[in-house]
**Q** 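My questions will all concern the structure given below.
Note that the coordinates shown come from a computational prediction; the quantities given were computed from them, not determined experimentally. Numbers restart at 1 for each chain; the letters A, B, ... are given by sequence-line order, proteins then strands. What's counted below: heavy atoms across the whole structure, side chains too, no hydrogens, waters or symmetry copies.
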Amino acid sequence: MADNERRDVLPTPVDPAFFHLPTLELARRLIGTMLVSEIGGAVTAGWIVETEAYIGPGDRAAHSYGNRRTPRTEVMFGPPGHAYVYVMHTHHLLNVVSGGIGCPEAVLIRAVEPANGLSVMQLRRGPVRRERDLTSGPGKLTKAMGIDRSYNGHPLFAPPLYITEGREAGEIAVGPRIGIDNSGEAKDYPWRFWEKGNPFVSR
DNA sequence: AAGTGGATTGGCT
DNA sequence: GCCAATCCACTTG
């Protein structure tokens with residue numbers, strides 16, 4: 001099948017202007033949108049059901065805390081709407097860069113609910129006990145959708161990896177972020193957002 | 001050049 | 001619940 005033929009049935013990426021929102025607002029607005037991957041010639045997609053905000057200079061849990069500018073964090077200083085992908089132990093984690101240029105902020109995508117390409121996700125993930133184990137965590141969803149470091153800096157409004165309008169989100173819950181217990185006062189900031197009751201939320 | 005530690009996951013006790 | 005896996009960025013010498 002020709003690429004242009006296949007494109008016709010795929011959803012349209014959001015406008016780049018979508019990402020020009022305060023980071024906490026963007027983190028909330030991303031719930032219910034769809035993340036689409038055309039990586040490796042296979043389409044996988046999932047509704048975003050869990051996010052976390054990381055807000056630059058004043059956030060001890062953020063890689064960009066204190067405006068730390070290194071090769072790794074460089075993309076966070078760039079324009080919003082681009083991917084910040086980094087390696088955590090044996091897993092890749094995907095963030096949406098937010099904030100203006102020079103404001104190193106980002107939203108971590110922590111979980112999605114599969115919407116398309118389930119069999120491809122299963123192949124990439126290998127055997128899992130329950131379907132919800134496929135994508136119910138930041139490292140799980142990147143593996144299921146083929147996302148790795150080579151997509152660091154990729155604009156998330158263009159193939160092969162992009163955000164689209166999704167569905168209306170259910171009730172959104174708010175609470176402290178996961179896995180940052182050593183980040184001092186920042187560990188209690190209520191900067192995690194999730195769709196209440198959705199089984200694909202990481203916990 | 002070596003040491004340290006982490007925005008995770010999965011397997012085992 | 002504990003812990004190893006396993007990799008990379010970053011710091012220090």
**Q** Could you go over nucleotides 6-13 of chain B and give all protein N or O partners under 3.5 Å, atom names and distances?
**A**
unit_1 : atom_1 : unit_2 : atom_2 : d
B:dG6  : OP1    : A:N182 : ND2    : 2.2
B:dG6  : O5'    : A:N182 : ND2    : 3.3
B:dA7  : OP1    : A:H63  : NE2    : 3.3
B:dA7  : N9     : A:Y86  : OH     : 3.2
B:dA7  : N7     : A:A61  : O      : 3.1
B:dA7  : N7     : A:H63  : NE2    : 3.4
B:dA7  : N1     : A:N95  : OD1    : 2.6
B:dA7  : N1     : A:N95  : ND2    : 3.4
B:dA7  : N3     : A:Y86  : OH     : 3.4
B:dT8  : OP1    : A:R110 : NH1    : 3.2
B:dT9  : OP1    : A:P138 : N      : 3.0
B:dT9  : OP1    : A:G139 : N      : 2.8
B:dT9  : OP1    : A:K140 : N      : 3.3
B:dT9  : O4'    : A:H91  : NE2    : 3.1
B:dG10 : OP1    : A:R125 : NH1    : 2.8
B:dG10 : OP1    : A:R125 : NH2    : 2.9

**Q** Please tell me if the side chains of A:R124 and A:T44 come closer than 4.5 Å, counting only heavy atoms from C-beta onward.
**A**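 In contact.
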**Q** What I'd like to find out is whether the side chain of A:V107 reaches to under 4.5 Å of the side chain of A:Y54, using heavy atoms alone.
**A**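 No - every pair of side-chain heavy atoms lies 4.5 Å or more apart.
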**Q** Any heavy-atom pair between the side chains of A:T51 and A:L26 that's under 4.5 Å?
**A**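 No. Closest side-chain heavy atoms not under 4.5 Å.
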**Q** Are any of the side-chain heavy atoms of A:N198 and A:W47 separated by less than 4.5 Å?
**A**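 A side-chain contact under 4.5 Å is absent here.
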**Q** Side chains of A:L35 and A:L141: closer than 4.5 Å at any heavy-atom pair?
**A**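 In short, these two side chains touch, coming nearer than 4.5 Å.
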**Q** Please list each protein N or O that sits under 3.5 Å from an N or O in nucleotides 11-13 of chain C, with the distance.
**A**
unit_1 : atom_1 : unit_2 : atom_2 : d
C:dT11 : OP1    : A:R68  : NH1    : 2.8

**Q** Please determine which of A:R110, A:R177, A:R28 meets the salt bridge (charged side-chain N to carboxylate O under 4.0 Å, His left out) test together with A:E52.
**A**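 For A:E52, the salt bridge (charged side-chain N to carboxylate O under 4.0 Å, His left out) check succeeds only for A:R110.
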**Q** Expressed as a whole number of angstroms, how long is the span from A:D181:CG to C:dG1:P?
**A**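 One finds 13 Å between P of C:dG1 and CG of A:D181, rounded.
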**Q** Return one dot-bracket line describing DNA chain B 5' to 3' (Watson-Crick or G-U wobble pairs, both distances under 3.5 Å; ( ) same strand, [ ] crossing, | another strand, . none).
**A** ||||||.|||||.
**Q** Does a side-chain heavy-atom distance below 4.5 Å link A:D148 with A:V85?
**A**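 Not touching, per the 4.5 Å side-chain cut-off.
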**Q** Can you classify the ring geometry of A:W191 versus A:Y189 as parallel (below 30°), tilted (30 to 60°) or perpendicular (above 60°)?
**A**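 Tilted, since the angle between the ring planes falls between 30° and 60°.
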**Q** Just call it for A:R72: base, sugar-phosphate, or nothing, with non-hydrogen atoms closer than 4.0 Å on any strand.
**A**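 Contact class for A:R72: sugar-phosphate only.
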**Q** Taking the ring centre of each residue, are A:Y86 and A:H91 less than 6.0 Å apart?
**A**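 No, the ring centres sit 6.0 Å or more apart.
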**Q** Do the side chains of A:L30 and A:T33 get nearer than 4.5 Å, heavy atoms only?
**A**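 They are in side-chain contact.
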